[in-house]
Amino acid sequence: MFPIVSKRPLNEAGTVLEYVIQAPLVAKKCLPGQFIVLRLDEHGERVPLTIADYDRQAGTVTIMVQPVGQTTRMLELMEPGDALADFVGPMGKPTEMEGLKRVCVVGGGVGCAIGYPVAKGMWEHGIEVDMVAGFRSKDIVILEKEMREHTTNLYICTDDGSYGEKCFGNAKLEQLIKEGRQYDEVFIIGPLKMMKFTSLTTKPYGIKTIASLCPIMIDASGMCGGCRLTVDGETKFACVDGPEFDAHKVDWDEIIARNAFYAGEEEEGKKHICRITGGVRNG
Ligand code: FES
(Lines give C-alpha, C1' and ligand atoms only; values in the text may rest on other atoms or scores of the structure.)
Protein backbone atom coordinates (compact mmCIF):
# COMPACT_ATOMS: atom_id res chain seq x y z
CA MET A 1 0.00 0.00 0.00
CA PHE A 2 1.08 3.59 -0.66
CA PRO A 3 0.04 6.04 2.08
CA ILE A 4 -1.03 9.61 1.35
CA VAL A 5 1.38 11.78 3.37
CA SER A 6 -0.26 15.13 2.63
CA LYS A 7 -2.90 16.77 0.48
CA ARG A 8 -3.54 20.43 -0.37
CA PRO A 9 -5.51 22.50 -2.87
CA LEU A 10 -3.31 24.38 -5.34
CA ASN A 11 -5.64 27.27 -6.14
CA GLU A 12 -8.43 29.38 -4.67
CA ALA A 13 -11.08 27.46 -6.58
CA GLY A 14 -9.76 24.11 -5.30
CA THR A 15 -9.85 22.68 -8.83
CA VAL A 16 -6.38 21.11 -8.58
CA LEU A 17 -5.08 19.10 -5.63
CA GLU A 18 -1.55 18.12 -4.71
CA TYR A 19 -0.87 14.77 -3.05
CA VAL A 20 2.42 13.61 -1.57
CA ILE A 21 2.58 9.82 -1.64
CA GLN A 22 4.98 7.54 0.24
CA ALA A 23 6.53 5.51 -2.59
CA PRO A 24 10.28 5.05 -1.93
CA LEU A 25 11.08 2.83 -4.91
CA VAL A 26 9.51 5.26 -7.38
CA ALA A 27 11.13 8.24 -5.63
CA LYS A 28 14.53 6.54 -5.90
CA LYS A 29 14.49 6.36 -9.70
CA CYS A 30 12.09 8.92 -11.17
CA LEU A 31 13.08 11.88 -13.35
CA PRO A 32 11.24 14.94 -14.74
CA GLY A 33 8.81 14.10 -17.53
CA GLN A 34 7.96 10.62 -16.28
CA PHE A 35 4.63 9.43 -14.91
CA ILE A 36 3.16 6.88 -12.54
CA VAL A 37 0.03 4.75 -12.78
CA LEU A 38 -2.11 4.48 -9.67
CA ARG A 39 -5.10 2.43 -8.60
CA LEU A 40 -7.21 3.33 -5.60
CA ASP A 41 -8.02 -0.30 -4.83
CA GLU A 42 -7.49 -3.70 -6.39
CA HIS A 43 -10.59 -3.36 -8.59
CA GLY A 44 -9.91 0.24 -9.59
CA GLU A 45 -9.02 1.61 -13.00
CA ARG A 46 -5.44 2.55 -13.74
CA VAL A 47 -4.91 6.30 -13.80
CA PRO A 48 -1.65 7.67 -15.23
CA LEU A 49 -0.44 10.92 -13.64
CA THR A 50 2.70 12.93 -14.20
CA ILE A 51 5.30 12.99 -11.43
CA ALA A 52 5.23 16.60 -10.28
CA ASP A 53 8.05 16.33 -7.77
CA TYR A 54 9.93 13.83 -5.65
CA ASP A 55 12.06 13.64 -2.54
CA ARG A 56 14.50 10.77 -2.73
CA GLN A 57 15.50 11.06 0.95
CA ALA A 58 11.94 11.12 2.26
CA GLY A 59 10.89 8.47 -0.28
CA THR A 60 7.93 10.53 -1.46
CA VAL A 61 6.47 11.38 -4.85
CA THR A 62 4.20 14.36 -5.52
CA ILE A 63 1.30 14.20 -7.96
CA MET A 64 -1.22 16.85 -8.95
CA VAL A 65 -4.76 15.94 -9.78
CA GLN A 66 -7.69 17.75 -11.34
CA PRO A 67 -10.70 15.77 -10.12
CA VAL A 68 -12.87 15.52 -13.22
CA GLY A 69 -12.99 11.77 -13.93
CA GLN A 70 -14.56 9.08 -11.76
CA THR A 71 -11.38 7.86 -10.12
CA THR A 72 -9.88 11.29 -9.59
CA ARG A 73 -13.13 12.37 -7.93
CA MET A 74 -12.89 9.37 -5.62
CA LEU A 75 -9.27 10.25 -4.94
CA GLU A 76 -10.48 13.74 -4.00
CA LEU A 77 -12.35 12.12 -1.09
CA MET A 78 -9.20 10.45 0.27
CA GLU A 79 -7.19 12.08 3.05
CA PRO A 80 -3.68 11.81 4.57
CA GLY A 81 -3.44 8.44 6.29
CA ASP A 82 -5.49 6.70 3.59
CA ALA A 83 -3.49 4.56 1.17
CA LEU A 84 -3.52 3.76 -2.54
CA ALA A 85 -3.46 0.11 -3.62
CA ASP A 86 -0.97 0.63 -6.47
CA PHE A 87 1.50 3.32 -7.39
CA VAL A 88 3.62 1.99 -10.26
CA GLY A 89 6.47 3.77 -11.97
CA PRO A 90 8.41 5.62 -13.07
CA MET A 91 7.02 5.14 -16.58
CA GLY A 92 7.67 6.89 -19.88
CA LYS A 93 10.84 8.53 -21.08
CA PRO A 94 12.37 11.36 -19.02
CA THR A 95 12.57 14.86 -20.52
CA GLU A 96 15.65 15.27 -22.74
CA MET A 97 17.78 18.19 -21.60
CA GLU A 98 21.22 17.59 -23.08
CA GLY A 99 22.61 20.48 -25.13
CA LEU A 100 19.84 22.91 -24.18
CA LYS A 101 20.83 26.40 -23.02
CA ARG A 102 17.61 28.42 -23.18
CA VAL A 103 14.10 27.03 -23.20
CA CYS A 104 10.58 28.39 -22.95
CA VAL A 105 8.01 26.21 -21.22
CA VAL A 106 4.42 27.09 -22.13
CA GLY A 107 1.79 25.65 -19.81
CA GLY A 108 -1.96 25.91 -20.15
CA GLY A 109 -4.19 25.59 -17.07
CA VAL A 110 -3.66 22.37 -15.16
CA GLY A 111 -0.97 21.54 -17.74
CA CYS A 112 1.26 23.80 -15.62
CA ALA A 113 1.28 20.97 -13.08
CA ILE A 114 3.19 18.98 -15.71
CA GLY A 115 5.14 21.93 -17.11
CA TYR A 116 6.40 22.96 -13.67
CA PRO A 117 8.44 19.79 -12.91
CA VAL A 118 9.93 19.95 -16.41
CA ALA A 119 10.81 23.64 -15.98
CA LYS A 120 12.24 22.93 -12.54
CA GLY A 121 14.27 19.97 -13.81
CA MET A 122 15.73 22.07 -16.63
CA TRP A 123 16.44 25.02 -14.35
CA GLU A 124 18.24 22.74 -11.86
CA HIS A 125 20.18 21.38 -14.85
CA GLY A 126 21.56 24.90 -15.45
CA ILE A 127 19.28 25.74 -18.36
CA GLU A 128 17.77 29.24 -18.60
CA VAL A 129 14.03 28.75 -18.46
CA ASP A 130 11.30 31.21 -19.35
CA MET A 131 7.85 29.99 -18.44
CA VAL A 132 4.58 31.24 -19.87
CA ALA A 133 1.70 30.01 -17.71
CA GLY A 134 -1.77 30.61 -19.10
CA PHE A 135 -5.04 30.28 -17.17
CA ARG A 136 -8.66 31.17 -17.81
CA SER A 137 -8.85 33.39 -14.69
CA LYS A 138 -7.09 34.30 -11.44
CA ASP A 139 -8.95 31.81 -9.23
CA ILE A 140 -7.50 28.80 -11.04
CA VAL A 141 -3.85 29.93 -11.12
CA ILE A 142 -1.63 27.20 -9.65
CA LEU A 143 1.99 26.94 -8.52
CA GLU A 144 2.90 30.58 -9.06
CA LYS A 145 5.43 30.67 -6.22
CA GLU A 146 6.99 27.36 -7.23
CA MET A 147 7.25 28.32 -10.91
CA ARG A 148 8.74 31.71 -10.04
CA GLU A 149 11.38 30.11 -7.80
CA HIS A 150 12.46 27.63 -10.47
CA THR A 151 12.52 29.70 -13.66
CA THR A 152 14.50 32.63 -15.02
CA ASN A 153 11.35 34.56 -15.97
CA LEU A 154 7.72 33.71 -15.29
CA TYR A 155 4.91 35.27 -17.35
CA ILE A 156 1.37 34.66 -16.14
CA CYS A 157 -1.46 35.26 -18.61
CA THR A 158 -5.19 35.01 -18.10
CA ASP A 159 -7.88 34.84 -20.76
CA ASP A 160 -10.07 37.36 -18.91
CA GLY A 161 -7.27 39.64 -17.70
CA SER A 162 -8.11 39.03 -14.02
CA TYR A 163 -4.42 38.35 -13.27
CA GLY A 164 -1.11 38.85 -15.05
CA GLU A 165 -1.37 39.84 -18.71
CA LYS A 166 -4.61 39.50 -20.65
CA CYS A 167 -3.59 37.25 -23.51
CA PHE A 168 -3.24 33.62 -24.55
CA GLY A 169 0.02 31.79 -23.83
CA ASN A 170 0.92 31.36 -27.49
CA ALA A 171 0.49 35.12 -28.07
CA LYS A 172 2.86 35.85 -25.18
CA LEU A 173 5.35 33.36 -26.55
CA GLU A 174 5.21 34.99 -29.98
CA GLN A 175 5.74 38.40 -28.40
CA LEU A 176 8.87 37.13 -26.63
CA ILE A 177 10.20 35.60 -29.84
CA LYS A 178 9.54 38.81 -31.78
CA GLU A 179 11.33 40.79 -29.07
CA GLY A 180 14.40 38.71 -29.81
CA ARG A 181 14.37 35.89 -27.25
CA GLN A 182 16.28 32.98 -28.70
CA TYR A 183 15.10 29.55 -27.58
CA ASP A 184 16.78 26.22 -28.31
CA GLU A 185 13.46 24.60 -27.55
CA VAL A 186 9.87 25.38 -26.65
CA PHE A 187 8.16 22.83 -24.40
CA ILE A 188 4.36 22.85 -24.43
CA ILE A 189 1.82 21.22 -22.18
CA GLY A 190 -1.86 21.95 -21.77
CA PRO A 191 -5.18 21.41 -23.52
CA LEU A 192 -4.77 19.83 -26.95
CA LYS A 193 -6.03 22.84 -28.89
CA MET A 194 -3.70 25.14 -26.97
CA MET A 195 -0.78 22.83 -27.83
CA LYS A 196 -1.79 22.69 -31.49
CA PHE A 197 -1.87 26.49 -31.77
CA THR A 198 1.34 26.96 -29.81
CA SER A 199 3.00 24.46 -32.11
CA LEU A 200 1.71 26.44 -35.12
CA THR A 201 3.14 29.59 -33.51
CA THR A 202 6.69 28.24 -33.28
CA LYS A 203 6.74 26.44 -36.64
CA PRO A 204 7.40 29.50 -38.86
CA TYR A 205 10.34 30.41 -36.61
CA GLY A 206 11.84 26.93 -36.93
CA ILE A 207 12.11 26.50 -33.14
CA LYS A 208 12.25 22.89 -31.99
CA THR A 209 9.02 22.31 -30.09
CA ILE A 210 8.26 19.41 -27.78
CA ALA A 211 4.73 18.56 -26.64
CA SER A 212 3.94 16.44 -23.59
CA LEU A 213 0.94 14.41 -24.64
CA CYS A 214 -1.61 12.78 -22.45
CA PRO A 215 -4.11 10.94 -24.64
CA ILE A 216 -6.42 8.27 -23.23
CA MET A 217 -4.32 5.67 -21.43
CA ILE A 218 -5.64 2.29 -20.34
CA ASP A 219 -2.88 -0.19 -19.48
CA ALA A 220 0.10 2.20 -19.86
CA SER A 221 2.19 -0.75 -21.02
CA GLY A 222 2.15 -0.39 -24.80
CA MET A 223 -0.26 -3.31 -25.16
CA CYS A 224 -3.79 -1.90 -25.46
CA GLY A 225 -3.27 0.79 -28.09
CA GLY A 226 -5.46 3.25 -26.19
CA CYS A 227 -2.87 6.00 -26.24
CA ARG A 228 -1.93 5.73 -29.90
CA LEU A 229 -1.26 8.81 -31.92
CA THR A 230 0.36 9.61 -35.24
CA VAL A 231 3.72 11.34 -35.31
CA ASP A 232 5.39 12.04 -38.66
CA GLY A 233 3.02 9.54 -40.29
CA GLU A 234 3.93 6.72 -37.88
CA THR A 235 1.79 5.22 -35.12
CA LYS A 236 3.25 5.82 -31.66
CA PHE A 237 2.11 4.98 -28.16
CA ALA A 238 2.31 7.84 -25.67
CA CYS A 239 2.87 5.52 -22.70
CA VAL A 240 6.02 3.86 -24.02
CA ASP A 241 7.26 6.07 -26.89
CA GLY A 242 6.46 9.31 -25.04
CA PRO A 243 4.94 11.15 -23.37
CA GLU A 244 7.02 13.82 -25.17
CA PHE A 245 6.97 14.19 -28.96
CA ASP A 246 8.04 16.64 -31.67
CA ALA A 247 5.01 18.93 -31.73
CA HIS A 248 5.54 19.90 -35.37
CA LYS A 249 5.12 16.25 -36.42
CA VAL A 250 2.07 15.33 -34.32
CA ASP A 251 -1.25 14.81 -36.12
CA TRP A 252 -3.15 17.21 -33.85
CA ASP A 253 -6.51 16.92 -35.57
CA GLU A 254 -6.54 13.14 -35.11
CA ILE A 255 -5.73 13.25 -31.41
CA ILE A 256 -8.22 16.09 -30.78
CA ALA A 257 -10.98 14.07 -32.49
CA ARG A 258 -10.15 10.94 -30.46
CA ASN A 259 -10.17 12.80 -27.15
CA ALA A 260 -13.48 14.51 -28.01
CA PHE A 261 -15.01 11.08 -28.60
CA TYR A 262 -13.96 9.79 -25.17
CA ALA A 263 -14.85 13.06 -23.42
CA GLY A 264 -18.53 12.25 -24.08
CA GLU A 265 -18.14 8.85 -22.42
CA GLU A 266 -16.43 10.46 -19.46
CA GLU A 267 -19.28 12.95 -18.98
CA GLU A 268 -21.71 10.05 -18.92
CA GLY A 269 -19.50 8.24 -16.40
CA LYS A 270 -19.57 11.15 -13.96
CA LYS A 271 -23.23 10.47 -13.35
CA HIS A 272 -22.19 7.14 -11.78
CA ILE A 273 -19.37 8.22 -9.51
CA CYS A 274 -19.62 5.13 -7.31
CA ARG A 275 -18.33 2.86 -10.09
CA ILE A 276 -14.65 2.90 -10.88
CA THR A 277 -14.46 2.58 -14.65
CA GLY A 278 -13.11 4.64 -17.54
CA GLY A 279 -11.18 7.90 -17.13
CA VAL A 280 -8.37 9.94 -18.55
CA ARG A 281 -5.12 11.29 -17.23
CA ASN A 282 -5.50 14.34 -15.06
CA GLY A 283 -9.17 13.74 -14.98
FE1 FES B 1 -2.26 1.15 -23.67
FE2 FES B 1 -0.47 3.06 -24.07
S3 FES B 1 -2.06 3.02 -22.64
S4 FES B 1 -0.76 1.26 -25.23
Side-chain angles (χ1 to χ4, degrees), residues 2 21 23 25-26 29-52 61 63-75 84-96 110-111 113-115 117-118 187-192 195-196 210-247 249-270 275-283:
F2 300 87
I21 309 292
L25 292 180
V26 181
K29 290 177 134 187
C30 62
L31 291 167
Q34 293 187 297
F35 63 96
I36 55 89
V37 175
L38 63 77
R39 285 197 309 168
L40 302 191
D41 61 46
E42 60 183 21
H43 304 296
E45 67 160 332
R46 298 157 176 237
V47 178
L49 289 165
T50 298
I51 294 168
V61 174
I63 52 172
M64 295 173 193
V65 181
Q66 183 181 33
V68 293
Q70 290 176 353
T71 300
T72 49
R73 281 178 182 250
M74 294 185 73
L75 178 58
L84 309 175
D86 292 328
F87 196 84
V88 179
M91 305 178 95
K93 295 181 180 167
T95 303
E96 283 184 23
V110 71
I114 301 170
V118 169
F187 185 97
I188 55 180
I189 172 66
L192 289 171
M195 289 201 278
K196 175 184 172 179
I210 300 295
S212 178
L213 283 165
C214 43
I216 313 295
M217 286 197 193
I218 299 170
D219 66 353
S221 71
M223 304 289 282
C224 72
C227 67
R228 73 179 178 277
L229 66 152
T230 306
V231 182
D232 206 16
E234 284 181 32
T235 297
K236 299 281 181 189
F237 299 110
C239 65
V240 289
D241 298 320
E244 295 167 12
F245 296 96
D246 183 335
K249 295 183 176 165
V250 169
D251 184 337
W252 289 104
D253 293 336
E254 177 194 60
I255 191 172
I256 287 169
R258 258 172 73 75
N259 262 46
F261 177 80
Y262 285 106
E265 305 227 327
E266 185 70 7
E267 270 309 307
E268 189 56 30
K270 282 182 209 165
R275 298 212 311 258
I276 308 176
T277 56
V280 295
R281 181 178 173 203
N282 270 345

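Order of listing sets the numbers, starting from 1, for every ligand and every atom in it.
Which parts of ligand 1 touch G222 is read off a 4.0 Å heavy-atom cut-off, strictly below it: atoms 4 (S). Against a heavy-atom cut-off of under 4.0 Å, C224 is close to the following atoms of ligand 1: 1 (Fe), 3 (S), 4 (S). Those atoms of ligand 1 that come under 4.0 Å of a heavy atom in C227, given as number and element, are 2 (Fe), 3 (S), 4 (S). Distances below 4.0 Å separate heavy atoms of G225 from the following atoms of ligand 1: 1 (Fe), 4 (S).
Atom 2 (Fe) of ligand 1 has C239 among its coordinating residues (N/O/S atom, backbone or side chain, under 2.8 Å).
Counting heavy atoms from C-beta outward, I255 and L213 have side chains that approach closer than 4.5 Å. For the pair R46/T71, no side-chain contact is recorded, criterion being any heavy-atom separation below 4.5 Å from C-beta on. In this structure, the side chains of L40 and L84 come closer than 4.5 Å at one or more pairs of heavy atoms.
For the side-chain hydrogen bond (donor to acceptor under 3.5 Å, both in side chains) test, no residue two or more places apart in sequence or in another chain qualifies with D241.
Residue-level proximity to ligand 1 for M223 is carried by the backbone, the only part with a heavy atom below 4.0 angstrom.
No option in I36, V88, V37 other than V37 meets the side chain to side chain contact (heavy atoms under 4.5 Å, CB included) test with P48.
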